[in-house]
Amino acid sequence: MRLLSCLIVVVFGFVAGEPAMARPLYVAHHLGGDSGAAMGEVAWVKVSGEPVDYWLKFGWSERELRIGIKLSPEAMEAGKYFHFCLDIENDSDFSYQEDDYHFSLSLPDGDGTVSSSLVRAGGETVTPSEVISGQGRQAGANWLVDIAVDLQALRDGPMKLGGDLGMMLELKQTPGPNPMPIHWGDLLFGDGLGKVSPLALQRMQKHQAELELRFQVHQADPVVSGELSEAARRDLARVRQRIVEAQRQEVDRGEVAGYLRSQQADGSWEDIRYYDSGLPDMAGGWEHLNRLLAIAVGIRFAGLGEDAREALYRGLDYWFDHDFIFTNWWRNEIGVPLQMGRIALLDDQLSEARVERIVEIMTRAKRPMTGQNLVWINKVTVMRGVLEGKPALVDRAFERIEDEVRISAGEGLQADYSFHQHGALLYSHGYGAEFLNDATQCFYWSQGGQFEMARKTRDLLESMVLEGNRWMALGQFADYAALGRNVARPESSGRYLARVATTLLEAGAERREELQALVASASGSGADGLAGNRYFHRSEFMVHRRPEFYASVNVYSRRMSGTEYLNGEGLKSYYLPDGATLFLKRGNEYEGILPVWDWRGIPGTTTPLGEGPLPRVGSGKSGSKGTTDFAGGVSDGWYGCVGYDYEKDDVSAKKAYFAFDWGLVCLGAQIDSTRGRALRTTVNQTLLKQAVTVSREGGVPDRMERGELRLSGGNSWASHNGLLYYFPGGQSVVVKAERQHGSWRELSRRESDDPLSEEVFTIEVAHAPDGKGAYAYAVVDEGQIKSASAFVDRLRFSVLENSAQLQAVLDEASGIVGLVFYEGGQLELGNGYELEVDRRCAILIQEGISGEFTLTVASPARETGEIRLSMERSSDGERRSVKIALPSGPHQAGSSVSERLAF
């Protein structure tokens with residue numbers, strides 16, 4: 001066996017106990033033959049100092065990355081683990097991009113086994129055991145840990161000499177502060193002697209210099225010189241006053257009085273489990289801060305006296321003495337600094353020593369991030385700059401927030417005014433709600449002096465709320481599709497829209513009537529009369545609205561993550577984005593249902609029958625992303641349709657949704673389970689508000705109070721709470737009206753396990769395990785029809801085709817035809833014309849006067865280039881054709897475009 005030379009490590013900057021100011025550069029040896037034995041001959045290099053010794057070495061083969069770690073006994077205390085991250089494209093600083101993988105690795109157990117789990121992945125999630133493994137052993141006084149990563153499985157290809165990736169490794173401790181600095185940097189693949197070409201080294205050094213500059217800009221405060229001008233003092237005072245006013249809220253005097261009575265002499269509370277790592281995120285310590293903030297608000301706005309102020313100071317001193325560190329980086333670097341800043345600004349009698357300690361904690365908010373995380377970090381910096389009297393720091397923080405209020409192809413605000421966070425994941429009512437709230441607040445805080453943000457920033461925020469988030473809410477109801485893991489939080493709602501709209505009005509926004517209407521509807525004091533159809537092509541989500549009802553369709557392709565499981569939240573969300581549909585007339589149809597929902601029967605989804613625990617999002621081969629490229633729709637602003645080539649686990653189907661003035665028509669074809677499992681398509685599952693009316697044999701209506709009923713006759717229907725569910729042809733329809741049970745703890749480890757129950761109405765189509773199943777149904781707003789019988793006797797729609805190649809529906813009243821072509825083809829439209837297209841697409845056809853048609857087309861696969869459409873008049877064979885250029889580019893691909901065709 002050849003002897004390998006010492007591992008090369010080039011370090012640009014390293015400070016023990018703090019994040020590095022610049023990435024170190026590591027070089028991995030190429031391992032030939034027996035990679036395990038070859039790895040043993042790579043020399044250890046010490047990369048950290050106190051409080052414990054720590055060594056690393058790296059090796060690679062074409063497929064596998066090997067990492068050796070040597071730890072002293074002091075590092076082997078119970079409760080410690082490794083946080084290991086890979087940035088495949090080496091471009092995002094371990095944020096939430098598609099190429100980032102974050103793993104937790106245990107220290108070796110008694111037999112040397114190292115277990116692993118996936119903490120987070122911005123893109124398609126992998127099963128940890130398939131790509132990462134570890135083994136440990138004791139060698140003398142030290143522990144040796146060997147980690148092997150199958151990078152080819154993550155990279156879609158072998159590694160090559162001179163290639164690189166970003167790597168981060170830290171030893172963490174639960175609970176308590178992290179004893180080691182973060183070791184992160186560019187990992188360069190060298191030859192068998194640990195050498196790389198001068199060009200590769202030069203390229204990496206240039207890359208590091210750019211990142212070092214970026215880090216320095218984020219980490220270093222602007223240089224302050226000279227005395228503050230009177231104008232600067234006024235500007236800082238105005239910002240402080242606006243921040244304080246933003247904290248104004250009703251104070252529960254009884255609750256705060258309870259905190260004051262139960263606080264112990266040292267400033268702690270006996271009922272808080274500060275060090276219980278079994279709580280998600282060590283939530284006990286977070287509760288301590290929440291109580292301090294409530295006391296500070298009470299002092300400022302409710303006139304609480306000196307006893308409250310003394311309790312606040314005792315609680316702060318207790319925190320300073322223990323400096324609680326959470327298992328989640330967000331709490332440490334954003335959450336705690338934010339809470340501390342709010343408290344410090346609320347109490348203008350804080351001692352200088354306490355303010356200095358709070359400022360020290362707030363300086364932890366410096367990580368370069370994107371989207372809402374960036375806004376949070378710079379909101380903290382605004383507060384810190386006000387506390388420290390540094391206008392240059394405040395100005396720079398406002399600048400960074402303003403820079404993030406822009407259209408992005410990555411995380412953040414999208415071209416269709418939806419919002420992404422944690423990669424390509426629709427989060428308009430989660431992180432997007434926080435983004436809107438914080439960015440509009442900061443815009444308002446900045447106005448009137450040297451910190452003032454530009455009007456275009458306000459205009460973009462105005463568009464985001466009115467063209468994006470408002471569309472995804474009905475009154476105070478926030479659509480589950482846009483919540484991400486926030487769907488597991490009882491407090492999630494659309495009420496935040498009233499705050500955002502109010503702030504924009506205070507900041508001088510121009511669309512005042514719309515914002516005032518939004519304040520009314522989101523606060524519950526006015527009706528929500530928004531109408532139209534909007535397909536959010538960047539997020540593969542359609543909203544269909546009329547003044548009388550709201551409907552939505554949620555699909556996702558391999559370009560998108562459907563939802564997520566993270567930090568103990570989203571335990572049951574596995575099927576949440578899989579073609580889900582919601583139907584609302586009043587906005588309270590699903591209020592309180594989530595803890596008791598059958599999460600295998602989410603409205604609109606086609607899923608296997610079964611019981612027991614649901615898989616977690618990101619588990620199994622399907623991961624957190626879709627598995628096909630065809631998922632999306634088309635919209636002309638008033639009508640729309642969506643097509644979905646659905647595959648998950650062993651289930652596949654072609655699913656399509658067509659939105660008209662009176663409701664939705666939903667089609668399913670080629671429904672199959674390769675394992676032969678019985679399947680169901682859930683039409684709706686909502687709170688039981690009244691007795692259910694169903695059609696018996698011969699269409700005779702009958703009332704159903706409780707229980708389960710199967711409708712198997714032709715053209716069956718059911719009616720409940722203002723919605724008619726109609727099923728043409730002979731389908732096996734199951735209707736249920738029964739009590740369901742659950743708890744919020746089943747959705748999130750953070751929430752209460754108090755048992756809850758609700759009366760629930762469910763309607764579904766059963767599919768036999770043999771053969772290719774299908775379904776067709778309409779969900780109709782009963783306010784727009786005379787009766788169920790009248791609707792059935794004179795249908796408003798015709799299903800033109802429902803196959804694996806094409807799904808199409810004609811709305812008789814409007815003359816609109818919606819079509820989803822899964823491949824090129826042709827179809828008789830039922831209006832005397834035939835349509836032919838040369839490639840897969842989604843189309844709306846609106847017939848006008850004198851043989852004129854408006855064709856609106858989009859590519860659910862986000863394909864570009866031209867699509868050729870031809871129409872032929874059946875009466876005389878007259879034919880017209882048009883070529884339509886599909887929108888392209890990262891912002892517009894998948895959006896809709898219209899052309900006219902006249903005979």
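What you see is a predicted model, and the numbers here were worked out from it, not measured in a lab. These values consider heavy atoms only, across backbone and side chains, with no hydrogens, waters or symmetry-generated copies.
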So [Y] and [X], do their side chains get closer than 4.5 Å, heavy atoms only?
| X | Y | result |
| --- | --- | --- |
| Tyr646 | Thr627 | no |
| Leu724 | Val779 | no |
| Val734 | Lys736 | yes |
| Leu426 | Phe536 | no |
| Glu758 | Leu687 | yes |
| Pro608 | Tyr575 | yes |
| Leu806 | Leu827 | yes |

*Does CD belonging to Glu759 count more than 12 external heavy atoms closer than 6.0 Å?*
yes
*Within a reach of under 6.0 Å around NZ of Lys883, are more than 12 heavy atoms found that belong to other residues, nucleotides or ligands?*
no
[Y] backbone acceptor or donor facing [X] side chain under 3.5 Å:
| X | Y | result |
| --- | --- | --- |
| Thr628 | Asp645 | yes |
| Gln476 | Ser521 | no |
| Asp838 | Ile867 | no |
| Gln740 | Val596 | yes |
| Asp416 | His537 | yes |
| His544 | Phe660 | yes |
| Gln685 | Asp598 | yes |
| Ser635 | Asn533 | yes |
| Ser787 | Ala790 | yes |
| Arg545 | Trp471 | yes |

Shortest non-hydrogen contact between [X] and [Y], atoms and distance:
| X | Y | value |
| --- | --- | --- |
| Ala631 | Arg559 | O-NH2, 3.7 Å |
| Gln414 | Ile407 | O-CD1, 3.5 Å |
| Val555 | Gly632 | CG2-N, 3.9 Å |
| Gly818 | Leu844 | CA-CD2, 4.0 Å |
| Val487 | Ser573 | CG1-OG, 3.7 Å |
| Gly494 | Ala478 | N-CB, 3.7 Å |

Electrostatic pair [X]-[Y], nearest N-O below 4.0 angstrom:
| X | Y | result |
| --- | --- | --- |
| Glu878 | Arg880 | yes |
| Glu589 | Lys689 | no |
| Asp578 | Lys648 | yes |
| Glu467 | Arg534 | yes |
| Glu782 | Lys585 | no |

_Before you tell me yes or no, could you show the steps for Glu812 and Ser798 under side-chain hydrogen bond (donor to acceptor under 3.5 Å, both in side chains), namely the whole-Å CA-CA distance, both residues' side-chain angles and the distance that decides it to 0.1 Å?_
CA-CA 7 Å; Glu812 306 277 1; Ser798 300; 2.7 Å; yes
*Taking the six-membered ring of Trp638, is the NZ or CZ of Arg546 close enough (under 6.0 Å from the centre) and on axis enough (within 45°)?*
yes
*Could you please spell out the steps behind the side-chain hydrogen bond (donor to acceptor under 3.5 Å, both in side chains) verdict for Asp636 and Tyr535?*
CA-CA 9 Å; Asp636 64 6; Tyr535 173 63; over 6 Å; no
What pairs with [X] under side-chain contact (heavy atoms from CB on, under 4.5 Å), at least two apart in sequence or on another chain?
| X | value |
| --- | --- |
| Ala902 | Glu852 |
| Ala656 | Phe658, Gln807, Val820, Tyr822 |
| Ala520 | Ser525 |
| Ala498 | Ala522, Ser523 |

*asked:* The test is side-chain contact (heavy atoms from CB on, under 4.5 Å); show your working for Val817 and Val809 and say whether it passes.
replied: CA-CA 6 Å; Val817 183; Val809 176; over 6 Å; no
Quick one: sort the [X] and [Y] rings into parallel, tilted or perpendicular, breaks at 30° and 60°.
| X | Y | answer |
| --- | --- | --- |
| Tyr556 | Tyr644 | tilted |
| Phe853 | Tyr833 | perpendicular |
| Trp597 | Tyr590 | perpendicular |
| Phe477 | Tyr550 | perpendicular |

Donor-acceptor pair between [X] and [Y] side chains, under 3.5 angstrom:
| X | Y | answer |
| --- | --- | --- |
| Ser557 | Asp629 | no |
| Tyr639 | Asp811 | no |
| Arg703 | Thr693 | no |
| Asn684 | Tyr777 | no |

_Working for side-chain hydrogen bond (donor to acceptor under 3.5 Å, both in side chains), residues Thr606 and Thr681_ = CA-CA 4 Å; Thr606 300; Thr681 296; 2.7 Å; yes
*Should Arg677 and Asp650 be marked as a side-chain contact (heavy atoms from CB on, under 4.5 Å) after you check the CA-CA gap, both sets of side-chain angles, and the distance that decides it?*
CA-CA 9 Å; Arg677 292 195 286 177; Asp650 64 310; 2.4 Å; yes
*Step-by-step side-chain hydrogen bond (donor to acceptor under 3.5 Å, both in side chains) determination, Ser418 to Ser539*: CA-CA 7 Å; Ser418 62; Ser539 298; 2.7 Å; yes
*Indicate, with yes or no, if the rings of Phe727 and Tyr725 have centres closer together than 6.0 Å.*
no
*asked:* Using the rule given for side-chain contact (heavy atoms from CB on, under 4.5 Å), can you reason through Val694 versus Leu711, listing the C-alpha separation, both sets of side-chain angles and the distance that settles it, and then say yes or no?
replied: CA-CA 8 Å; Val694 298; Leu711 308 176; 4.2 Å; yes
_Pair Trp662, Phe791 - check ring pair (Phe, Tyr, Trp, His ring centres under 6.0 Å), show working._
CA-CA 11 Å; Trp662 43 266; Phe791 182 86; 5.8 Å; yes
*Could you give all pairs that pass the salt bridge (Lys or Arg N to Asp or Glu O under 4.0 Å) test and reach residues 858-872, with sequence neighbours left out?*
Glu540-Arg862, Arg839-Glu863, Arg840-Glu863, Glu872-Arg879
*asked:* Please enumerate all residues that pass ring pair (Phe, Tyr, Trp, His ring centres under 6.0 Å) together with Phe821, with sequence neighbours excluded.
replied: none
